[in-house]
2 protein chains.
Amino acid sequence: MPEFLDLHGRTNKVVRAAAEAVLRRHGLRLGQDHLLAVLWEHDGSTPGEVAAALNVTTPTVVKMATRMTAAGLLTRRRDDRDSRLVRLWLTETGRALREPIEAERRLLEEKITADLTETERRHLMSALAKIHRSASDVLGGAPIDPAD
Amino acid sequence: MPEFLDLHGRTNKVVRAAAEAVLRRHGLRLGQDHLLAVLWEHDGSTPGEVAAALNVTTPTVVKMATRMTAAGLLTRRRDDRDSRLVRLWLTETGRALREPIEAERRLLEEKITADLTETERRHLMSALAKIHRSASDVLGGAPIDPAD
DNA sequence: CGCGGAACGTTAGCCGGTAAATGATTAGCC
DNA sequence: GGCTAATCATTTACCGGCTAACGTTCCGCG
């Protein structure tokens with residue numbers, strides 16, 4: 001059992017759980033803050049645009065938007081000029097969450113990286129970036145087997 | 001949007017995707033290799049034991065075991081002496097996957113950490129361990145609000 | 001011996017994520 | 001102008017994960 005894969009996975013799990021706990025106190029679920037973040041910057045984005053911004057598939061955004069609409073955070077409206085498009089608009093409630101959620105997220109990051117020195121933190125980010133790149137290469141370069 | 005939370009999350013996602021791609025070529029899905037790993041060491045474990053070993057809830061193991069049984073990787077049998085217990089036994093197919101899957105996993109880890117020097121890798125593991133600990137503390141220390 | 005509580009696995013229902021099929025609308029080309 | 005092809009969102013169906021409710025089986029105590 002490779003060490004890094006294991007540790008990284010376990011770490012991600014507990015970090016996710018911590019984020020989930022924080023978000024729940026504001027009535028949000030795990031990915032919903034990211035969706036909101038896109039709209040905070042570009043209110044009226046389409047599901048496809050949001051999906052692209054979040055590196056997620058469109059159905060994921062559609063379903064999440066449905067729940068968030070029911071929760072009163074969003075509004076769905078078809079685009080007037082191109083009725084294939086749907087635009088997601090923030091409600092006042094959704095807009096009001098921006099400050100608290102952003103603060104909460106900063107606080108969580110601080111807590112979680114509290115035991116690291118500034119140097120450690122820089123090195124960690126750099127190493128993670130390299131891992132991210134390598135993993136992307138594995139993903140993008142290997143799926144098609146040329147000998148097949 | 002905090003840097004570490006963001007980068008760590010994105011990295012995890014691409015790493016997961018890479019692992020998924022590898023496993024799929026062997027007919028497995030994302031968490032199933034972990035379940036198998038437990039049985040490779042302790043064949044005949046109960047769902048509860050497996051769940052504890054994987055840091056996952058029992059229902060997750062139960063459902064996964066159901067699918068893996070249907071896929072011919074596992075066998076379910078009630079314990080003779082205590083019929084509350086259910087024991088999961090590897091089939092020959094499930095047992096035969098051990099070598100290839102472990103090799104595949106080692107290879108993936110190598111590929112993914114290829115751009116890191118040995119020092120970088122050590123520092124990364126150490127930093128991740130600290131993060132893991134801090135996040136666990138956030139999770140275990142904050143959920144109960146004493147003022148409530 | 002019996003009865004209540006503890007220890008299990010299973011089921012049901014939700015959430016985020018994916019791929020694949022469906023449906024509606026626009027754009028483009030003849 | 002009309003037919004085809006591209007572009008969107010949505011639906012369906014699956015998977016891993018969780019919590020909560022349920023049903024069995026055992027254990028210990030009176």
Side-chain angles (χ1 to χ4, degrees), chain A residues 9-10 12-21 23-24 27-36 44-71 73-88 139 143, chain B residues 9-10 12-21 23-24 27-36 44-71 73-88 139 143:
Chain A
R10 287 201 329 255
N12 182 261
K13 183 171 183 176
V14 61
V15 167
R16 279 174 73 93
E20 164 103 27
L23 290 175
R24 267 201 143 106
L28 293 182
R29 302 301 295 271
L30 199 49
Q32 305 186 346
D33 55 330
H34 296 119
L35 196 160
L36 285 181
S45 295
T46 68
E49 288 167 352
V50 174
L54 298 184
N55 275 307
V56 150
T57 60
T58 311
T60 298
V61 173
V62 169
K63 289 199 302 182
M64 203 180 295
T66 301
R67 294 185 200 105
M68 293 173 77
T69 299
L73 301 165
L74 261 48
T75 294
R76 252 195 179 90
R77 208 187 327 157
R78 292 214 99 87
D79 187 298
D80 292 332
R81 290 177 296 186
D82 187 342
S83 9
R84 286 172 304 183
L85 275 2
V86 161
R87 303 208 165 268
L88 305 176
L139 206 53
Chain B
R10 286 201 330 254
N12 182 261
K13 180 167 187 180
V14 62
V15 167
R16 278 175 75 93
E20 165 103 26
L23 290 174
R24 267 203 142 104
L28 293 182
R29 301 300 296 269
L30 199 48
Q32 306 187 344
D33 55 331
H34 295 120
L35 195 159
L36 286 180
S45 295
T46 68
E49 288 168 352
V50 174
L54 297 184
N55 275 306
V56 150
T57 60
T58 311
T60 297
V61 173
V62 169
K63 288 200 303 181
M64 201 180 298
T66 301
R67 292 183 204 109
M68 292 172 77
T69 299
L73 301 165
L74 260 47
T75 295
R76 250 194 180 93
R77 206 186 328 159
R78 291 214 98 87
D79 188 299
D80 292 332
R81 291 176 296 185
D82 188 341
S83 10
R84 286 173 303 183
L85 276 0
V86 161
R87 303 210 166 266
L88 305 176
L139 206 51

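Labels below follow one simple rule: chain letters A, B, ... track the order of the sequence lines, proteins then strands, and each chain is numbered from 1. Any value given below was found using the heavy atoms of this structure, including those in side chains, with hydrogens, waters and symmetry copies removed.
- To the nearest angstrom, C1' of D:dG16 lies 10 Å from CZ of A:Arg16.
- In this structure, of D:dC26, C:dG9, C:dT25, it is C:dT25 that holds the atom nearest to the side chain of A:Asp82.
- Comparing C:dG9, D:dA9, C:dT10 by their nearest atom to the side chain of A:Val86 picks out D:dA9.
- Neither side chain, B:Arg87 nor B:Thr75, offers a donor N or O lying under 3.5 Å from an acceptor on the other.
- As a whole-Å value, the separation of A:Asn55 CG from C:dT18 C1' is 14 Å.
- Checked against D:dT10, D:dC15, C:dG9, the side chain of B:Arg67 finds its nearest nucleotide in D:dC15.
- Closest to the A:Arg84 side chain, of the nucleotides D:dC8, C:dA12, C:dG9, is D:dC8.
- If you take CG of A:Asp79 and C1' of D:dA9, they are 13 Å apart, rounded to a whole angstrom.
- Expressed to the nearest 0.5 Å, how far CZ of B:Arg84 lies from OG1 of B:Thr46 amounts to 11.0 Å.
- For A:Leu36 and C:dG16, the CG to P distance is 11 Å, given to the nearest whole Å.
- Residue A:Lys13 is in sugar-phosphate contact alone, with no base atom involved, counting any heavy-atom pair closer than 4.0 Å across all strands shown.
- The residue A:Gln32 sits close only to the backbone: its heavy atoms come under 4.0 Å of sugar-phosphate atoms, none of a base.
- Residue B:Leu28 holds its CG atom at 6.0 Å from CE of B:Met68, rounded to the nearest 0.5 Å.
- Note: A:Leu35 CG to A:Leu73 CG = 9.5 Å, rounded to the nearest 0.5 Å.
- Between D:dT11, D:dC8, C:dG9, one nucleotide has an atom nearer to the side chain of A:Leu85 than all others, and that is D:dC8.
- The residue A:Arg76 sits close only to the backbone: its heavy atoms come under 4.0 Å of sugar-phosphate atoms, none of a base.
- Using a 4.0 Å heavy-atom distance criterion, B:Thr46 is classed as a sugar-phosphate-only contact.
- Taking side-chain N and O atoms only, B:Thr57 has no distance below 4.0 Å to OP1 or OP2 of D:dG17.
- One interatomic measurement links the two molecules: CE of A:Met64 to P of C:dG16, which rounds to 5 Å at whole-angstrom precision.
- Atom CG of B:Leu88 is separated from atom C1' of C:dG9 by 11 Å (rounded to the nearest Å).
- Between B:Arg81 atom CZ and D:dT25 atom P there is a gap of 18 Å when expressed in whole angstrom units.
- Nearest-nucleotide positions on DNA chain C place A:Arg29 closer to the 5' end than the other of B:Arg24 and A:Arg29.
- Comparing B:Lys63 and B:Thr58 by the nucleotide of DNA chain C that holds the closest heavy atom to each, the one mapping nearer the 5' end is B:Thr58.
- When rounded to the nearest whole Å, the span between CD of A:Glu20 and C1' of D:dG17 equals 10 Å.
- Using a 4.0 Å cut-off between a side-chain N of Lys or Arg and a carboxylate O of Asp or Glu, A:Glu20 and A:Arg24 qualify as a salt bridge.
- For A:Thr60, the listed nucleotide lying nearest its side chain is C:dG16; candidates were C:dG13, C:dG16, C:dT25.
- For A:Ser83, the listed nucleotide lying nearest its side chain is C:dT25; candidates were C:dG9, C:dC15, C:dT25.
- Among the atoms of the strands shown, none is found under 4.0 Å from any heavy atom of B:Arg87.
- Formation of a donor-acceptor pair under 3.5 Å by the B:Thr60 side chain with backbone atoms of B:Val56 is not found in this model.
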